[in-house]
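This report refers to the structure that appears directly beneath it.
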Amino acid sequence: MPAPITPEFLTVPRARSGGLPNLVGMTRESMRAALIAAGTLEKQANMRVGQVWGWIYQKGVSDFDAMTNLAKDYRALLADRFIVERPELVTKQVSADGTRKYLLRINGGHEVETVYIPEEDRGTLCISSQVGCTLTCSFCHTGTQKLVRNLSVAEIVGQILVARDDLGEWGIAPGDKRLISNIVLMGMGEPLYNFDNVRDAMLIAMDPEGISLSRRRITLSTSGVVPEITRAGQEIGCMIAISLHATTDAVRDQLVPINKRWNIETLLAALRAYPRLTNSERITFEYVMLEGINDSKEDAHRLVDLIRGIPAKINLIPFNEWPGAPYKRSSGNRIHAFGDIVNAAGYASPVRKPRGEDIMAACGQLKSETERGRKTRAEIAAEAGQ
Ligand code: SAH
Ligand code: SF4
(Lines give C-alpha, C1' and ligand atoms only; values in the text may rest on other atoms or scores of the structure.)
(Ligands and ions follow the chains in the order given, each with its own letter.)
Protein backbone atom coordinates (compact mmCIF):
# COMPACT_ATOMS: atom_id res chain seq x y z
CA MET A 1 0.00 0.00 0.00
CA PRO A 2 1.41 3.45 -0.81
CA ALA A 3 2.41 5.59 2.13
CA PRO A 4 -0.21 8.19 3.06
CA ILE A 5 0.59 11.66 1.79
CA THR A 6 1.05 13.99 4.70
CA PRO A 7 2.01 17.68 4.51
CA GLU A 8 5.39 16.69 5.89
CA PHE A 9 5.86 14.18 3.09
CA LEU A 10 5.18 16.90 0.55
CA THR A 11 8.00 19.06 1.85
CA VAL A 12 10.58 16.28 1.88
CA PRO A 13 12.51 16.16 -1.38
CA ARG A 14 12.23 13.02 -3.40
CA ALA A 15 15.44 11.03 -3.15
CA ARG A 16 16.00 11.15 -6.85
CA SER A 17 19.68 10.70 -7.31
CA GLY A 18 20.21 7.61 -5.20
CA GLY A 19 23.58 9.15 -4.32
CA LEU A 20 25.03 8.89 -7.83
CA PRO A 21 27.16 11.81 -9.05
CA ASN A 22 25.38 14.37 -11.22
CA LEU A 23 27.03 15.08 -14.57
CA VAL A 24 25.37 18.49 -14.58
CA GLY A 25 27.69 21.00 -12.98
CA MET A 26 30.93 19.10 -13.64
CA THR A 27 33.54 21.10 -15.50
CA ARG A 28 34.88 19.43 -18.65
CA GLU A 29 37.97 18.34 -16.72
CA SER A 30 36.02 16.82 -13.84
CA MET A 31 33.62 15.10 -16.23
CA ARG A 32 36.58 13.64 -18.10
CA ALA A 33 38.08 12.30 -14.88
CA ALA A 34 34.71 10.89 -13.79
CA LEU A 35 34.14 9.14 -17.12
CA ILE A 36 37.62 7.62 -17.01
CA ALA A 37 37.10 6.43 -13.44
CA ALA A 38 33.88 4.79 -14.65
CA GLY A 39 35.77 2.81 -17.27
CA THR A 40 35.92 5.08 -20.33
CA LEU A 41 39.13 4.60 -22.29
CA GLU A 42 41.47 7.50 -21.77
CA LYS A 43 42.00 8.06 -25.47
CA GLN A 44 38.23 8.31 -25.98
CA ALA A 45 37.52 10.44 -22.96
CA ASN A 46 37.60 13.87 -24.62
CA MET A 47 35.28 12.68 -27.36
CA ARG A 48 32.87 11.17 -24.82
CA VAL A 49 32.84 14.38 -22.79
CA GLY A 50 32.01 16.31 -25.96
CA GLN A 51 29.15 13.97 -26.79
CA VAL A 52 27.63 13.92 -23.31
CA TRP A 53 28.14 17.68 -22.97
CA GLY A 54 26.19 18.29 -26.18
CA TRP A 55 23.29 16.12 -25.03
CA ILE A 56 23.08 17.84 -21.67
CA TYR A 57 23.67 21.46 -22.64
CA GLN A 58 22.58 21.72 -26.29
CA LYS A 59 19.72 19.28 -26.41
CA GLY A 60 18.58 19.29 -22.79
CA VAL A 61 18.53 15.51 -22.56
CA SER A 62 18.67 13.91 -19.13
CA ASP A 63 17.87 10.32 -20.07
CA PHE A 64 20.97 8.37 -21.07
CA ASP A 65 18.87 6.18 -23.35
CA ALA A 66 18.18 9.20 -25.56
CA MET A 67 21.93 9.79 -26.14
CA THR A 68 21.76 7.93 -29.41
CA ASN A 69 25.27 8.57 -30.68
CA LEU A 70 26.62 6.49 -27.81
CA ALA A 71 26.69 2.70 -28.00
CA LYS A 72 23.95 0.97 -26.04
CA ASP A 73 26.27 -0.67 -23.54
CA TYR A 74 28.08 2.61 -22.92
CA ARG A 75 24.73 4.31 -22.26
CA ALA A 76 23.92 1.54 -19.78
CA LEU A 77 27.27 2.04 -18.09
CA LEU A 78 26.62 5.76 -17.72
CA ALA A 79 23.14 5.15 -16.38
CA ASP A 80 24.59 2.82 -13.74
CA ARG A 81 27.16 5.31 -12.57
CA PHE A 82 25.72 8.82 -13.07
CA ILE A 83 22.63 10.96 -13.18
CA VAL A 84 21.76 14.07 -15.17
CA GLU A 85 19.59 16.03 -12.78
CA ARG A 86 18.20 19.54 -12.46
CA PRO A 87 16.55 21.15 -9.48
CA GLU A 88 12.92 20.15 -9.16
CA LEU A 89 10.40 22.69 -10.44
CA VAL A 90 7.89 23.18 -7.64
CA THR A 91 5.80 26.04 -9.01
CA LYS A 92 5.85 28.42 -11.94
CA GLN A 93 4.07 31.75 -11.82
CA VAL A 94 3.54 33.90 -14.88
CA SER A 95 3.06 37.64 -14.41
CA ALA A 96 0.66 39.77 -16.42
CA ASP A 97 3.78 41.26 -18.09
CA GLY A 98 5.10 37.84 -19.16
CA THR A 99 7.74 37.55 -16.44
CA ARG A 100 8.03 33.99 -15.14
CA LYS A 101 9.06 33.06 -11.64
CA TYR A 102 10.18 29.53 -10.91
CA LEU A 103 10.31 28.11 -7.42
CA LEU A 104 12.86 25.31 -7.40
CA ARG A 105 13.55 22.69 -4.80
CA ILE A 106 17.12 21.57 -4.33
CA ASN A 107 18.70 18.79 -2.31
CA GLY A 108 17.88 19.03 1.36
CA GLY A 109 14.44 20.42 0.57
CA HIS A 110 15.62 24.03 0.33
CA GLU A 111 14.01 26.33 -2.17
CA VAL A 112 15.32 29.05 -4.45
CA GLU A 113 13.77 31.32 -7.03
CA THR A 114 14.72 32.02 -10.62
CA VAL A 115 13.08 34.69 -12.76
CA TYR A 116 12.76 34.94 -16.54
CA ILE A 117 12.18 38.43 -17.93
CA PRO A 118 11.24 38.64 -21.62
CA GLU A 119 11.89 41.95 -23.36
CA GLU A 120 11.64 43.01 -26.94
CA ASP A 121 15.31 42.75 -27.77
CA ARG A 122 16.38 40.17 -25.21
CA GLY A 123 15.34 37.62 -22.64
CA THR A 124 17.06 37.74 -19.28
CA LEU A 125 17.29 34.96 -16.75
CA CYS A 126 17.88 36.17 -13.22
CA ILE A 127 19.49 33.40 -11.24
CA SER A 128 20.21 32.82 -7.57
CA SER A 129 23.57 31.93 -6.08
CA GLN A 130 22.63 31.14 -2.49
CA VAL A 131 19.60 30.06 -0.50
CA GLY A 132 18.90 33.36 1.26
CA CYS A 133 21.79 35.72 1.94
CA THR A 134 24.16 36.31 4.85
CA LEU A 135 24.10 40.03 4.18
CA THR A 136 21.32 42.16 5.51
CA CYS A 137 20.72 45.07 3.17
CA SER A 138 17.84 46.87 4.82
CA PHE A 139 15.75 47.30 1.66
CA CYS A 140 16.06 43.71 0.40
CA HIS A 141 13.57 40.97 1.08
CA THR A 142 16.13 38.21 0.55
CA GLY A 143 18.22 39.81 3.30
CA THR A 144 15.54 38.90 5.85
CA GLN A 145 16.00 35.24 5.07
CA LYS A 146 18.65 33.33 6.92
CA LEU A 147 21.25 31.79 4.65
CA VAL A 148 20.67 28.10 4.48
CA ARG A 149 23.57 27.34 2.18
CA ASN A 150 25.52 28.12 -0.98
CA LEU A 151 24.18 26.65 -4.19
CA SER A 152 26.30 24.00 -5.90
CA VAL A 153 27.53 24.41 -9.47
CA ALA A 154 24.81 21.98 -10.60
CA GLU A 155 22.14 24.00 -8.82
CA ILE A 156 23.29 27.25 -10.44
CA VAL A 157 23.57 25.82 -13.97
CA GLY A 158 20.43 23.77 -13.30
CA GLN A 159 18.40 26.99 -13.08
CA ILE A 160 19.27 27.67 -16.72
CA LEU A 161 18.32 24.11 -17.69
CA VAL A 162 14.95 24.32 -15.94
CA ALA A 163 14.13 27.64 -17.59
CA ARG A 164 15.12 26.25 -20.98
CA ASP A 165 12.89 23.22 -20.37
CA ASP A 166 10.00 25.52 -19.60
CA LEU A 167 10.64 27.79 -22.58
CA GLY A 168 11.30 24.83 -24.88
CA GLU A 169 14.63 26.33 -25.85
CA TRP A 170 16.69 23.30 -26.82
CA GLY A 171 18.56 22.40 -29.96
CA ILE A 172 18.97 25.96 -31.20
CA ALA A 173 21.48 26.63 -33.95
CA PRO A 174 24.20 29.29 -33.70
CA GLY A 175 22.73 32.59 -34.82
CA ASP A 176 19.15 31.66 -33.86
CA LYS A 177 17.32 34.25 -31.78
CA ARG A 178 17.50 33.15 -28.20
CA LEU A 179 14.77 33.29 -25.60
CA ILE A 180 17.42 33.33 -22.88
CA SER A 181 19.97 35.72 -24.34
CA ASN A 182 21.30 37.18 -21.07
CA ILE A 183 21.99 36.02 -17.57
CA VAL A 184 22.09 38.21 -14.52
CA LEU A 185 23.30 36.97 -11.15
CA MET A 186 20.79 39.15 -9.36
CA GLY A 187 18.54 36.62 -7.69
CA MET A 188 18.91 35.45 -4.13
CA GLY A 189 22.32 35.63 -2.52
CA GLU A 190 25.67 37.36 -2.84
CA PRO A 191 27.44 35.66 -5.76
CA LEU A 192 30.91 36.68 -4.64
CA TYR A 193 30.40 34.83 -1.36
CA ASN A 194 29.98 31.66 -3.42
CA PHE A 195 32.77 32.50 -5.82
CA ASP A 196 34.07 29.12 -6.98
CA ASN A 197 30.67 27.62 -7.70
CA VAL A 198 29.44 30.75 -9.46
CA ARG A 199 32.61 30.86 -11.55
CA ASP A 200 32.41 27.20 -12.60
CA ALA A 201 28.70 27.53 -13.38
CA MET A 202 29.30 30.58 -15.56
CA LEU A 203 32.20 28.90 -17.35
CA ILE A 204 29.82 26.04 -18.17
CA ALA A 205 27.18 28.52 -19.40
CA MET A 206 29.81 30.14 -21.65
CA ASP A 207 31.19 26.90 -23.10
CA PRO A 208 30.86 27.26 -26.88
CA GLU A 209 29.74 23.65 -27.34
CA GLY A 210 27.01 23.97 -24.74
CA ILE A 211 24.76 26.82 -23.68
CA SER A 212 27.27 29.12 -25.35
CA LEU A 213 26.47 32.48 -23.84
CA SER A 214 28.98 35.23 -24.41
CA ARG A 215 30.72 36.52 -21.28
CA ARG A 216 29.40 39.96 -22.18
CA ARG A 217 25.85 38.74 -21.81
CA ILE A 218 26.41 37.64 -18.23
CA THR A 219 26.24 40.24 -15.47
CA LEU A 220 27.24 39.54 -11.92
CA SER A 221 25.80 41.88 -9.32
CA THR A 222 27.60 42.32 -6.04
CA SER A 223 26.94 44.34 -2.93
CA GLY A 224 30.68 45.09 -2.91
CA VAL A 225 32.82 42.15 -1.77
CA VAL A 226 35.91 44.09 -2.73
CA PRO A 227 38.63 41.38 -2.69
CA GLU A 228 36.62 39.17 -5.05
CA ILE A 229 35.69 41.79 -7.65
CA THR A 230 39.02 41.70 -9.45
CA ARG A 231 38.97 37.90 -9.35
CA ALA A 232 35.58 37.94 -11.03
CA GLY A 233 37.08 39.98 -13.86
CA GLN A 234 40.05 37.68 -14.19
CA GLU A 235 38.47 34.28 -13.70
CA ILE A 236 34.96 34.76 -15.12
CA GLY A 237 35.36 37.79 -17.36
CA CYS A 238 31.67 38.65 -17.14
CA MET A 239 30.17 42.12 -16.76
CA ILE A 240 29.99 43.56 -13.27
CA ALA A 241 27.20 45.46 -11.56
CA ILE A 242 27.79 47.12 -8.22
CA SER A 243 25.01 47.74 -5.74
CA LEU A 244 26.09 51.24 -4.74
CA HIS A 245 22.75 52.71 -3.57
CA ALA A 246 24.20 55.63 -1.59
CA THR A 247 26.68 58.44 -1.90
CA THR A 248 27.86 58.77 1.69
CA ASP A 249 29.24 56.11 3.99
CA ALA A 250 26.72 57.06 6.67
CA VAL A 251 23.79 56.21 4.39
CA ARG A 252 25.44 53.23 2.71
CA ASP A 253 26.28 51.75 6.13
CA GLN A 254 22.54 51.69 6.77
CA LEU A 255 21.45 50.38 3.39
CA VAL A 256 24.26 47.99 2.47
CA PRO A 257 25.95 47.00 5.76
CA ILE A 258 28.92 45.40 3.99
CA ASN A 259 29.96 49.05 3.55
CA LYS A 260 31.21 48.96 7.14
CA ARG A 261 33.82 46.44 5.98
CA TRP A 262 34.64 47.95 2.58
CA ASN A 263 33.50 51.54 2.34
CA ILE A 264 32.70 53.62 -0.74
CA GLU A 265 36.27 54.84 -1.20
CA THR A 266 37.74 51.33 -0.98
CA LEU A 267 35.10 50.00 -3.34
CA LEU A 268 35.66 52.69 -5.95
CA ALA A 269 39.44 52.27 -5.74
CA ALA A 270 39.02 48.56 -6.52
CA LEU A 271 36.80 49.42 -9.47
CA ARG A 272 39.30 51.92 -10.84
CA ALA A 273 41.82 49.06 -10.86
CA TYR A 274 39.36 46.59 -12.40
CA PRO A 275 41.07 44.72 -15.24
CA ARG A 276 38.36 44.97 -17.86
CA LEU A 277 37.41 48.59 -17.45
CA THR A 278 36.94 50.16 -20.87
CA ASN A 279 34.30 52.27 -22.50
CA SER A 280 32.81 49.26 -24.18
CA GLU A 281 32.82 47.22 -20.98
CA ARG A 282 31.53 49.70 -18.52
CA ILE A 283 30.64 48.93 -14.96
CA THR A 284 26.99 49.20 -14.03
CA PHE A 285 26.18 50.94 -10.78
CA GLU A 286 22.83 49.93 -9.34
CA TYR A 287 21.08 52.59 -7.37
CA VAL A 288 17.79 51.80 -5.65
CA MET A 289 15.56 54.86 -5.34
CA LEU A 290 14.27 55.20 -1.78
CA GLU A 291 12.06 58.14 -0.98
CA GLY A 292 13.77 60.70 1.23
CA ILE A 293 16.78 58.45 1.87
CA ASN A 294 19.13 58.64 -1.12
CA ASP A 295 17.18 60.37 -3.87
CA SER A 296 18.00 64.09 -3.51
CA LYS A 297 19.63 66.29 -6.15
CA GLU A 298 22.65 66.57 -3.86
CA ASP A 299 22.93 62.79 -3.93
CA ALA A 300 22.88 62.83 -7.72
CA HIS A 301 25.69 65.42 -7.85
CA ARG A 302 27.73 63.55 -5.24
CA LEU A 303 27.26 60.37 -7.22
CA VAL A 304 28.74 61.76 -10.41
CA ASP A 305 31.62 63.30 -8.46
CA LEU A 306 32.36 59.97 -6.81
CA ILE A 307 32.49 57.89 -9.97
CA ARG A 308 34.22 60.43 -12.17
CA GLY A 309 36.74 58.68 -14.40
CA ILE A 310 35.11 55.27 -14.17
CA PRO A 311 33.48 54.16 -17.44
CA ALA A 312 30.03 53.40 -16.08
CA LYS A 313 26.32 53.48 -16.45
CA ILE A 314 23.92 54.05 -13.59
CA ASN A 315 20.94 51.78 -13.36
CA LEU A 316 18.23 53.50 -11.33
CA ILE A 317 16.00 50.91 -9.67
CA PRO A 318 12.62 52.07 -8.36
CA PHE A 319 12.34 50.41 -4.96
CA ASN A 320 10.17 47.30 -5.04
CA GLU A 321 8.08 46.97 -1.95
CA TRP A 322 7.60 43.80 0.04
CA PRO A 323 5.51 43.05 3.13
CA GLY A 324 6.96 44.94 6.09
CA ALA A 325 9.53 46.87 4.04
CA PRO A 326 10.76 49.96 5.89
CA TYR A 327 11.05 52.19 2.77
CA LYS A 328 8.96 53.75 0.04
CA ARG A 329 9.67 54.08 -3.65
CA SER A 330 10.75 57.55 -4.80
CA SER A 331 8.25 59.32 -7.01
CA GLY A 332 8.63 59.14 -10.77
CA ASN A 333 9.48 62.86 -10.84
CA ARG A 334 12.24 62.43 -8.32
CA ILE A 335 13.71 59.48 -10.17
CA HIS A 336 13.72 61.45 -13.42
CA ALA A 337 15.21 64.56 -11.84
CA PHE A 338 17.96 62.38 -10.38
CA GLY A 339 18.51 60.66 -13.72
CA ASP A 340 18.73 63.98 -15.56
CA ILE A 341 21.61 65.15 -13.38
CA VAL A 342 23.49 61.90 -13.86
CA ASN A 343 22.81 62.03 -17.56
CA ALA A 344 24.00 65.60 -17.92
CA ALA A 345 27.31 64.50 -16.42
CA GLY A 346 27.71 62.06 -19.30
CA TYR A 347 26.49 58.82 -17.75
CA ALA A 348 23.63 56.76 -19.15
CA SER A 349 21.05 56.40 -16.39
CA PRO A 350 18.30 54.03 -17.48
CA VAL A 351 15.45 53.50 -15.04
CA ARG A 352 14.89 49.79 -14.53
CA LYS A 353 11.31 48.93 -15.26
CA PRO A 354 9.87 46.86 -12.43
CA ARG A 355 8.89 43.47 -13.82
CA GLY A 356 6.75 40.75 -12.35
CA GLU A 357 5.71 42.75 -9.30
CA ASP A 358 2.32 41.02 -9.20
CA ILE A 359 4.07 37.70 -8.53
CA MET A 360 6.76 39.18 -6.23
CA ALA A 361 9.42 38.49 -8.84
CA ALA A 362 10.89 42.00 -9.05
CA CYS A 363 14.40 42.88 -7.84
CA GLY A 364 14.77 42.39 -4.14
CA GLN A 365 11.41 40.69 -3.67
CA LEU A 366 12.67 37.13 -3.79
CA LYS A 367 12.52 35.13 -0.64
CA SER A 368 11.79 31.45 -0.40
CA GLU A 369 9.77 29.91 2.36
CA THR A 370 12.54 27.54 3.40
CA GLU A 371 12.98 29.66 6.48
CA ARG A 372 9.46 30.31 7.50
CA GLY A 373 10.06 32.15 10.75
CA ARG A 374 10.76 35.73 9.77
CA LYS A 375 13.69 37.11 11.68
CA THR A 376 13.80 40.60 13.07
CA ARG A 377 16.46 43.05 11.95
CA ALA A 378 17.96 42.90 15.44
CA GLU A 379 18.34 39.13 15.26
CA ILE A 380 19.93 39.38 11.85
CA ALA A 381 22.35 42.05 13.04
CA ALA A 382 23.24 40.00 16.12
CA GLU A 383 24.01 36.97 13.94
CA ALA A 384 26.14 39.06 11.63
CA GLY A 385 28.10 40.21 14.67
CA GLN A 386 27.36 43.88 14.14
N1 SAH B 1 23.48 40.22 -3.74
C2 SAH B 1 23.74 40.87 -4.96
C3 SAH B 1 22.81 40.43 -6.09
C4 SAH B 1 21.35 40.23 -5.78
S5 SAH B 1 20.36 41.64 -5.53
C6 SAH B 1 23.68 42.36 -4.78
O7 SAH B 1 23.25 42.83 -3.74
O8 SAH B 1 24.11 43.09 -5.70
C9 SAH B 1 20.14 42.36 -7.14
C10 SAH B 1 19.87 43.86 -7.08
O11 SAH B 1 18.56 44.15 -6.56
C12 SAH B 1 20.85 44.59 -6.19
O13 SAH B 1 21.29 45.79 -6.78
C14 SAH B 1 20.00 44.88 -5.00
O15 SAH B 1 20.54 45.94 -4.24
C16 SAH B 1 18.68 45.20 -5.62
N17 SAH B 1 17.55 45.16 -4.68
C18 SAH B 1 17.46 44.46 -3.53
N19 SAH B 1 16.26 44.69 -2.94
C20 SAH B 1 15.59 45.56 -3.74
C21 SAH B 1 14.28 46.13 -3.68
N22 SAH B 1 13.44 45.84 -2.70
N23 SAH B 1 13.92 46.96 -4.68
C24 SAH B 1 14.76 47.21 -5.71
N25 SAH B 1 15.98 46.67 -5.82
C26 SAH B 1 16.41 45.85 -4.85
FE1 SF4 C 1 22.03 39.97 -0.13
FE2 SF4 C 1 22.06 41.46 -2.37
FE3 SF4 C 1 19.86 41.36 -0.85
FE4 SF4 C 1 22.03 42.66 0.02
S5 SF4 C 1 20.77 43.20 -1.79
S6 SF4 C 1 20.76 41.25 1.22
S7 SF4 C 1 23.66 41.37 -0.78
S8 SF4 C 1 20.77 39.66 -1.96
Side-chain angles (χ1 to χ4, degrees), residues 112-115 117 124-148 150-151 156 159 183-195 198 202 218-226 228-229 232 238-246 251-262 267 271 283-291 293-295 313-330 335 350-357 360-368 371 375 377 380-381 383-384 386:
V112 289
E113 294 182 317
T114 305
V115 179
I117 308 143
T124 304
L125 192 67
C126 177
I127 63 186
S128 294
S129 54
Q130 300 181 307
V131 179
C133 188
T134 46
L135 300 174
T136 54
C137 303
S138 52
F139 54 89
C140 175
H141 203 202
T142 309
T144 65
Q145 182 183 345
K146 190 173 176 180
L147 169 72
V148 178
N150 278 340
L151 298 188
I156 300 171
Q159 296 173 60
I183 286 184
V184 293
L185 282 148
M186 295 186 186
M188 296 162 65
E190 168 48 61
L192 294 186
Y193 275 158
N194 185 14
F195 187 92
V198 165
M202 292 306 105
I218 297 177
T219 303
L220 182 153
S221 173
T222 177
S223 56
V225 185
V226 165
E228 308 289 357
I229 293 176
C238 58
M239 309 303 283
I240 296 285
I242 303 286
S243 293
L244 189 63
H245 304 318
V251 176
R252 194 161 190 269
D253 281 352
Q254 295 300 316
L255 298 181
V256 189
I258 201 175
N259 195 65
K260 293 179 196 158
R261 180 102 181 257
W262 294 289
L267 174 62
L271 297 178
I283 285 193
T284 300
F285 286 104
E286 295 162 284
Y287 198 96
V288 65
M289 299 298 294
L290 304 171
E291 186 182 86
I293 304 284
N294 63 356
D295 60 351
K313 81 169 178 201
I314 320 295
N315 213 328
L316 300 177
I317 316 177
F319 173 60
N320 294 310
E321 295 187 6
W322 37 272
Y327 301 106
K328 284 212 175 94
R329 177 183 292 183
S330 307
I335 297 176
V351 178
R352 191 180 290 173
K353 199 167 154 228
R355 298 289 303 262
E357 278 183 295
M360 287 282 289
C363 300
Q365 291 184 318
L366 304 185
K367 175 180 177 176
S368 63
E371 283 294 312
K375 295 190 301 173
R377 287 282 165 205
I380 294 167
E383 275 167 26
Q386 288 157 1

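Below, each value reflects all heavy atoms present in this structure, side chains not excepted, and no hydrogens, waters or symmetry copies. All ligand and atom numbering here is 1-based and tracks the order in the structure.
Among all heavy-atom pairs drawn from L255 and F139, the shortest one is O-CE2, 3.4 Å. Considering every non-hydrogen atom in both C238 and I218, the closest pair reads CB-O, 3.3 Å. The minimum heavy-atom distance linking S223 with V256 is given by the pair O-CG1, 3.8 Å. T219 and M186 make their closest contact through CG2-CE, 4.1 Å (heavy atoms, listed as atom of the first residue, atom of the second, distance).
Comparing heavy-atom distances from atom 4 (C) of ligand 1 across G187, S221, P354 singles out G187 as nearest. For atom 15 (O) of ligand 1, the nearest non-hydrogen atom from the set E286, Q130, M186, H245 belongs to H245. Among C140, P318, S243, S138, the residue whose heavy atom lies nearest to atom 13 (O) of ligand 1 is S243.
Contacts of E190 with ligand 1, taken as heavy-atom pairs under 4.0 Å, involve both backbone and side chain. Both the backbone and the side chain of N320 come within contact range of ligand 1, each with a heavy atom under 4.0 Å. Using a 4.0 Å cut-off between heavy atoms, T142 makes no contact with ligand 1 at all.
Within a radius of less than 2.8 Å around atom 4 (Fe) of ligand 2, the protein N, O or S atoms are C137 SG.
Residue S223 has at least one heavy-atom neighbour below 4.0 Å for each of these atoms of ligand 1: 6 (C), 7 (O), 8 (O). Atoms of ligand 1 lying under 4.0 Å from any heavy atom of G189, numbered from 1 in the order shown and given with element: 1 (N), 2 (C), 3 (C), 4 (C). Short contacts between ligand 1 and T222, defined as distances under 4.0 Å to a heavy atom of the residue, involve ligand atoms 6 (C), 8 (O). Listed by atom number, the atoms of ligand 1 under 4.0 Å from F319 heavy atoms are 21 (C), 22 (N), 23 (N). The atoms of ligand 1 that sit less than 4.0 Å from any heavy atom of I317 are 24 (C), 25 (N). Ligand 1 places these atoms under 4.0 Å from at least one heavy atom of W322: 22 (N).
In this structure, atom 2 (Fe) of ligand 2 has no protein heavy-atom contact shorter than 4.0 Å.
At a cut-off of 3.5 Å, with distance as the only test, a side-chain donor of R329 or N320 sits close to an acceptor on the other residue.
Taking the six-membered ring where the residue is Trp, W322 and H141 present parallel rings, their angle staying beneath 30° rather than reaching 60°.
Taking CG from N315 and CD from E286, the interatomic distance works out to 6.5 Å, rounded to the nearest 0.5 Å. Atom CD1 of I183 is separated from atom CE of M202 by 5.0 Å, given to the nearest 0.5 angstrom.
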Legend entry - E228 vs T222, side chain to side chain donor-acceptor pair (under 3.5 Å): CA-CA, chis, key distance, verdict: CA-CA 10 Å; E228 308 289 357; T222 177; over 6 Å; no
Legend entry - Derivation of the side chain to side chain contact (heavy atoms under 4.5 Å, CB included) call for Y287 and D295: CA-CA 9 Å; Y287 198 96; D295 60 351; 5.9 Å; no
Legend entry - Audit row: Y327, S138, side chain to side chain donor-acceptor pair (under 3.5 Å) steps and yes/no: CA-CA 9 Å; Y327 301 106; S138 52; 2.8 Å; yes
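E357 CD: more than 12 foreign heavy atoms inside a 6.0 Å radius.
Here the heavy atom of the protein found nearest to atom 17 (N) of ligand 1 is F139 CE1, 3.7 Å. In terms of protein heavy-atom proximity, atom 11 (O) of ligand 1 is closest to C363 CB, 3.7 Å. The protein heavy-atom contact nearest to atom 19 (N) of ligand 1 is G364 CA, 3.0 Å.
Taking the six-membered ring for Trp and the full ring otherwise, the centers of H245 and F285 sit at least 6.0 Å from each other.
A side-chain donor-acceptor contact under 3.5 Å links Q130 to the backbone of E190.
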